[in-house]
Protein chains: 2
Amino acid sequence: MALRHAVLAALLDEELSGYQLAKSFDLGVANFWHALPQQLYAELAKLEADGLVAGREVVQESRPNKRLFKVTDEGLAELERFAAASAKPSMLRDDLAVKVQSSDLVDTAPVIAQLRERATFARAKIELFESLLLKFRKGLGEEEFLRGGERIGPYLTCLGGLVFEQGYLEWCERIAGILEARKSGGRHE
Amino acid sequence: MALRHAVLAALLDEELSGYQLAKSFDLGVANFWHALPQQLYAELAKLEADGLVAGREVVQESRPNKRLFKVTDEGLAELERFAAASAKPSMLRDDLAVKVQSSDLVDTAPVIAQLRERATFARAKIELFESLLLKFRKGLGEEEFLRGGERIGPYLTCLGGLVFEQGYLEWCERIAGILEARKSGGRHE
DNA sequence: TCATGGTACTCAAGAATCTGACTATTCCTA
DNA sequence: TAGGAATAGTCAGATTCTTGAGTACCATGA
């Protein structure tokens with residue numbers, strides 16, 4: 001019952017279609033919540049049935065019509081309750097770390113390759129987040145924006161995504177280097 | 001189908017019972033994989049049926065008997081295949097970040113409290129990880145251990161858990177401070 | 001001595017999630 | 001002028017995960 005709150009939080013700033021929501025769960029919101037498009041469509045339908053979001057049809061000329069959803073007052077009240085309730089510990093699942101954990105007993109070459117790939121991905125995300133942060137604060141300095149800005153929620157989570165990706169990037173590079181060194185340099189002295 | 005690999009990876013270093021495995025998924029392995037005890041018991045049963053782990057009964061005097069599991073050669077081969085296959089992007093789900101995302105439109109007091117709570121938790125984890133790292137390298141310097149140690153996999157993932165928790169801790173403290181300042185200091189100038 | 005907490009599991013039901021396919025239109029490119 | 005990518009979804013089925021309860025035994029402290 002928590003995907004619903006992630007969806008509500010994502011819809012706070014703009015009216016979005018299911019399709020756009022799915023995009024944003026692949027980029028921005030993906031920093032702290034993962035979900036597939038099918039789930040989002042299903043969740044939007046449930047949220048609408050429960051009156052927490054309101055949808056409206058938008059007819060388009062040059063592409064298929066879409067339904068835009070916005071959070072209702074009831075939806076906001078639900079978020080309010082959610083924020084006040086105690087949070088579950090965050091949950092992480094990382095294939096790559098499982099591979100690193102096994103890395104002495106398993107061929108490291110593909111693991112190193114995947115670490116490098118993930119590092120490249122992290123660099124792209126970092127760039128994206130940095131440009132998003134700039135966009136959010138529209139020319140204001142960070143201090144000033146965080147003190148006086150109207151809407152800082154997305155900025156703060158973006159900041160979180162940034163530190164996460166920076167940490168992950170450093171880790172990937174370091175681990176790849178270590179495993180590489182052990183492969184080429186003789187291990188046991 | 002990936003919990004199985006996390007379980008195999010966790011059993012590489014020691015024979016564990018389902019109960020001990022559950023403990024380790026609550027502490028060490030929890031850095032990169034989340035699972036409940038019930039899932040682990042179920043997964044162990046499946047892994048044994050598939051011949052990827054072997055269990056043996058250990059009779060105990062002063063407490064209930066237990067079954068210890070270790071990875072078979074087939075299990076290791078399965079991990080090998082897994083490590084060579086391309087990894088799925090890691091998946092994160094964080095209630096607290098959802099609340100921070102909504103924080104301009106929702107009462108921040110409980111969110112701040114939860115950030116502080118999470119920070120305390122992170123500090124405990126960091127201490128735990130640091131002592132684990134020390135234990136892993138048994139007196140050796142880090143450089144030396146990482147170059148020549150027999151088994152560095154768990155050390156590397158523990159290092160990952162450490163940087164993650166450090167990043168999370170800093171984020172929590174910073175965000176709590178920012179939200180606090182906005183609450184007390186008048187927002188709009 | 002009685003409650004509490006740790007060890008060691010098991011079971012069932014229901015909710016959530018993932019896999020994989022499928023429809024339909026338009027724009028852009030080769 | 002056909003093929004592919006992007007927009008905008010839908011559906012069914014299988015698997016996985018969570019919730020909540022329950023069993024049993026021993027040790028420790030009040």
Side-chain angles (χ1 to χ4, degrees), chain A residues 1-8 11 14-27 29-30 33-50 53 55-69 82 85-93 95 98, chain B residues 1-7 11 15-27 29-30 33-50 53 55-69 85-95 98:
Chain A
M1 282 289 246
L3 171 58
R4 66 175 23 214
H5 302 113
V7 169
L8 287 171
L11 289 176
E14 2 166 35
E15 250 182 327
L16 293 174
S17 67
Y19 188 79
Q20 293 171 302
L21 190 62
K23 293 278 157 199
S24 97
F25 266 72
D26 233 39
L27 296 173
V29 186
W33 208 272
H34 158 86
L36 297 169
Q38 293 93 320
Q39 273 175 276
L40 298 173
Y41 284 113
E43 196 63 45
L44 280 172
K46 264 192 276 179
L47 283 166
E48 194 179 20
D50 295 348
V53 303
R56 66 184 176 93
E57 186 87 14
V58 173
V59 179
Q60 297 185 116
E61 295 291 282
S62 67
R63 56 190 64 184
N65 296 346
K66 62 183 172 181
R67 304 200 69 218
L68 292 183
F69 295 90
F82 170 69
S86 80
K88 298 189 194 167
S90 65
M91 113 161 174
L92 181 58
R93 274 174 188 163
D95 270 23
V98 173
Chain B
M1 282 287 245
L3 171 58
R4 65 175 23 209
H5 301 114
V7 169
L11 289 176
E15 252 183 325
L16 293 174
S17 68
Y19 189 78
Q20 293 170 303
L21 190 62
K23 293 276 157 200
S24 99
F25 266 73
D26 234 39
L27 296 173
V29 186
W33 208 272
H34 157 87
L36 298 168
Q38 292 93 321
Q39 272 176 277
L40 298 173
Y41 284 113
E43 196 62 44
L44 280 173
K46 265 193 274 177
L47 283 165
E48 194 179 20
D50 295 349
V53 304
R56 66 185 175 94
E57 187 86 14
V58 172
V59 179
Q60 297 184 117
E61 296 291 283
S62 68
R63 57 189 63 183
N65 297 346
K66 62 181 171 181
R67 302 201 70 220
L68 292 183
F69 295 90
S86 80
K88 299 190 193 168
S90 65
M91 113 160 174
L92 181 59
R93 275 176 187 160
D94 188 355
D95 270 25
V98 173

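Excluded from the calculations below are hydrogen atoms, water molecules and symmetry mates; all remaining heavy atoms, backbone and side chain alike, are included. Numbered from 1 within each chain, the chains take letters A, B, ... in sequence-line order.
Closest approach of A/H5 to B/V98, counting heavy atoms only: O-CG1, 3.5 Å. Summarising the geometry of A/L44 relative to A/G18, their closest heavy-atom pair is CD1-CA, 3.6 Å, with the distance given to 0.1 Å. Residues B/E57 and B/N65 share a closest heavy-atom pair of OE2-CB, 3.5 Å.
Summarising the geometry, the separation between CD on A/E57 and P on D/dA8 is reported as 12 Å, rounded to the nearest angstrom. What separates CE of A/M1 from C1' of D/dG20 is a distance of 16 Å, to the nearest Å. For the pair B/Q60 CD and D/dC25 C1', the interatomic distance rounds to 12 Å; values are reported in whole Å. Put simply, CG on B/L44 is 15 Å from P on D/dT16, counting in whole angstrom units. Per the geometry, CZ belonging to B/R93 stands 11 Å off C1' belonging to D/dT16, to the nearest Å. Between B/Y19 atom OH and D/dT23 atom P the separation is 18 Å, expressed in whole Å. Rounded to a whole Å, the CG atom of A/N65 is 16 Å from the C1' atom of D/dT10.
For the helix from C/dT1-D/dA30 to C/dA30-D/dT1, the axis fitted to the five pairs at one end and the axis fitted to the five pairs at the other end meet at an angle of 30° (nearest 10 degrees).
Here chain A contacts DNA chain C (any atom closer than 4.0 Å to a heavy atom, that is under 4.0 Å), and the contacts span C/dA16 to C/dC27 from 5' to 3'.
A/Q38 comes within 4.0 angstrom of a nucleotide base, judged by non-hydrogen atoms across all strands. Among the atoms of the strands shown, none is found under 4.0 Å from any heavy atom of B/R4.
Distance check, rounded to the nearest 0.5 Å: CG of A/L3 to CD of A/Q39 gives 5.5 Å.
A salt bridge is defined here as a Lys NZ or Arg NE, NH1 or NH2 lying under 4.0 Å from an Asp or Glu carboxylate O, and A/D50 with A/R4 meets this definition.
For the pair B/R93 (side chain) and A/S90 (backbone), a donor-acceptor distance under 3.5 Å is absent.
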(message) Using side chain to side chain contact (heavy atoms under 4.5 Å, CB included), reason through A/R56 and A/R67 one step at a time and then give a plain yes or no.
(response) CA-CA 5 Å; A/R56 66 184 176 93; A/R67 304 200 69 218; 5.8 Å; no

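Residues B/P37 and B/K23 both approach DNA chain C. Their nearest nucleotides, taken by heavy-atom distance, put B/K23 toward the 5′ side. In terms of position on DNA chain C, the residue among A/P64 and A/L3 whose nearest nucleotide sits closer to the 5' end is A/L3.
Proximity of A/K88 to the phosphate of D/dT19: a side-chain N or O atom is located under 4.0 Å from OP1 or OP2. Of the side-chain N and O atoms in B/Q39, none sit less than 4.0 angstrom from OP1 or OP2 of D/dT16. For D/dT18, one of the phosphate oxygens OP1 or OP2 lies less than 4.0 angstrom from a side-chain nitrogen or oxygen of B/H34.
For A/Y41, the listed nucleotide lying nearest its side chain is D/dG9; candidates were D/dG9, D/dT18, D/dA24.
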